[in-house]
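Note on naming: letters A, B, ... go to the chains in the order of the sequence lines (proteins, then strands), and numbering restarts at 1 for each one.
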Number of protein chains: 2
Amino acid sequence: MSENRPFSKSLNMLRSANLRPTRQRLALTKLLFDGGDRHVTAEDLHEDAVVNGVRVSLATIYNTLHQFTAAGLLREVMVTSEKSYFDTNIAPHHHFFIEDAQRLVDIPGDQIAIANLPKAPEGTEIRSVDVVIRLAST
Amino acid sequence: MSENRPFSKSLNMLRSANLRPTRQRLALTKLLFDGGDRHVTAEDLHEDAVVNGVRVSLATIYNTLHQFTAAGLLREVMVTSEKSYFDTNIAPHHHFFIEDAQRLVDIPGDQIAIANLPKAPEGTEIRSVDVVIRLAST
DNA sequence: ATAGCTGCAAATGCTTTGCAAGGCC
DNA sequence: GGCCTTGCAAAGCATTTGCAGCTAT
């Protein structure tokens, strides 16, 4: 759409998250949120940046992913103890995890319903309900 | 019950899993499976062993946890990217994760039902369905 | 000007591995 | 005896941190 102002969307995201629109954050925002939902690891995003000529250190990638998560722009998904995955789709939904390829795929939020959701133990409240369906190729 | 043959149960578990009943494995089996369901990290189990006068190296703890998981005696639960948790309850069930205390609690298997379970994508099959309800103290 | 960011390299923390010594069958 | 296990220490990885230099406002 706005090919002439390619960073305006990213700019707005950062501003409303109260994060300074630095060169790195603008570029990463663009990589993350332009074009469909993504599930990236820090390493993924770093490579993506390098390939696209964006100079960012891995440390900044980690910082940025966590800042974005804290700001509600990203959501961290726990599926492996090896790496952290960050999901650009923050709407409530669940995941398929393709074990062979170590790849995450969204399941639309309304495609799963949980019956008999147990109530949280005394003194606690539910922060999130995460469903992961692990898949193996046949 | 069988106070006079305290290791017979552990012995049988190991034999049927085709694992040599070494001193370490017998002791760890006893620690893990005597008395209720447990959710342990490698470090937890190691401390538990040390406290109980069982001499085992951390490396052996890791090896053992993975061997037991491969043998179907344990199940690994993914909740944090920081540590791996192993669950002695291998029956189908789900979990509460108390974030403040970093503690896992079982939700009985029949206490949650999932409606509209999506079918696995072409060429894959469902290996497991894991529900984690994250809790925060109020 | 200055508070906030970034990059690098070093440090951390969990987990794995290599290999010699020891234990089960 | 032979093969599986163990233990230790070193290595491996993903992630975090400290700090000097840079940048947005």
Side-chain angles (χ1 to χ4, degrees), chain A residues 7-8 10-31 39-50 53-71 73-74 76-86 102 104, chain B residues 7-8 10-31 39-50 53-71 73-74 76-86 102 104:
Chain A
F7 283 96
S8 62
S10 302
L11 236 178
N12 290 336
M13 285 191 86
L14 290 175
R15 281 212 216 290
S16 48
N18 261 307
L19 294 166
R20 280 194 189 171
T22 63
R23 178 177 61 73
Q24 291 86 338
R25 294 215 267 235
L26 276 170
L28 294 179
T29 304
K30 216 167 148 30
L31 288 176
H39 301 90
V40 301
T41 63
E43 199 59 57
D44 288 341
L45 185 56
H46 190 231
E47 272 177 40
D48 201 358
V50 169
V54 179
R55 290 181 54 259
V56 207
S57 73
L58 192 51
T60 296
I61 299 276
Y62 277 105
N63 289 337
T64 304
L65 286 172
H66 288 140
Q67 290 155 352
F68 283 17
T69 301
L73 300 176
L74 290 176
E76 190 171 358
V77 185
M78 257 70 185
V79 273
T80 305
S81 45
E82 288 145 37
K83 295 158 173 241
S84 292
Y85 287 80
F86 295 85
Q102 298 264 109
L104 271 174
Chain B
F7 282 96
S8 62
S10 303
L11 236 177
N12 291 336
M13 286 191 86
L14 290 175
R15 281 211 216 289
S16 48
N18 259 309
L19 294 166
R20 279 193 191 171
T22 64
R23 177 177 62 74
Q24 291 84 339
R25 294 214 268 236
L26 276 170
L28 294 179
T29 304
K30 214 168 148 30
L31 287 175
H39 301 90
V40 301
T41 63
E43 199 60 55
D44 288 343
L45 185 54
H46 190 230
E47 271 178 42
D48 200 357
V50 169
V54 179
R55 289 181 54 259
V56 208
S57 73
L58 192 51
T60 296
I61 299 276
Y62 276 105
N63 289 338
T64 304
L65 287 173
H66 288 140
Q67 291 156 351
F68 282 18
T69 301
L73 301 177
L74 289 176
E76 191 172 357
V77 185
M78 258 69 184
V79 274
T80 305
S81 45
E82 289 146 35
K83 296 157 173 238
S84 292
Y85 286 80
F86 295 85
Q102 297 264 110
L104 270 174

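Asn63(B) pairs by the side chain to side chain donor-acceptor pair (under 3.5 Å) definition with nothing, not counting sequence neighbours. Taking the side-chain contact (heavy atoms from CB on, under 4.5 Å) definition, one finds that Ala49(A) meets it with Leu28(A), Leu31(A), Val54(A), Val56(A), sequence neighbours left out. Under the rule for a ring-ring contact (aromatic ring centres under 6.0 Å, His included), Phe68(B) has no partner lying at least two apart in sequence or in another chain. Residues passing the side chain to side chain donor-acceptor pair (under 3.5 Å) test with Glu47(B), sequence neighbours excluded: none. Applying the side chain to side chain donor-acceptor pair (under 3.5 Å) criterion to Gln24(B), with sequence neighbours excluded, gives no partner residue. The side-chain contact (heavy atoms from CB on, under 4.5 Å) search around Ala17(A) returns Leu19(A), Ala71(A), Leu73(A), not counting sequence neighbours. By the side-chain contact (heavy atoms from CB on, under 4.5 Å) test, Thr41(A) pairs with Glu43(A), Asp44(A), Lys83(A), Tyr85(A), sequence neighbours left out. By the ring-ring contact (aromatic ring centres under 6.0 Å, His included) test, His39(B) pairs with His95(B), sequence neighbours left out. The side chain to side chain donor-acceptor pair (under 3.5 Å) check on Glu76(B) picks up Ser84(B), with sequence neighbours excluded.
In the helix from dA1(C)-dT25(D) to dC25(C)-dG1(D), the terminal helix axes, each the rotation mapping four pairs' C1' atoms onto the next four within five end pairs, subtend 30°, rounded to 10°.
In this model, the phosphate group of dG7(D) is approached by a side-chain N or O of Ser57(B) to a distance below 4.0 Å at OP1 or OP2.
For DNA chain C, the outermost nucleotides in 5' to 3' order that have an atom under 4.0 Å from a heavy atom of chain B are dC14(C) to dC25(C).
Going from atom CG of Leu28(B) over to atom C1' of dG7(D) covers 14 Å, rounded to whole Å. Across the protein-nucleic acid pair, Leu14(B) atom CG and dT5(D) atom P stand 10 Å apart, rounded to whole Å.
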Taking protein heavy atoms under 4.0 Å as touching, what does nucleotides 15-25 of chain D look like 5' to 3' if B marks base contact, S marks sugar-phosphate-only contact and - marks none? BBB-----BBS

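Formation of a donor-acceptor pair under 3.5 Å by the Arg25(B) side chain with backbone atoms of Thr64(B) is not found in this model.
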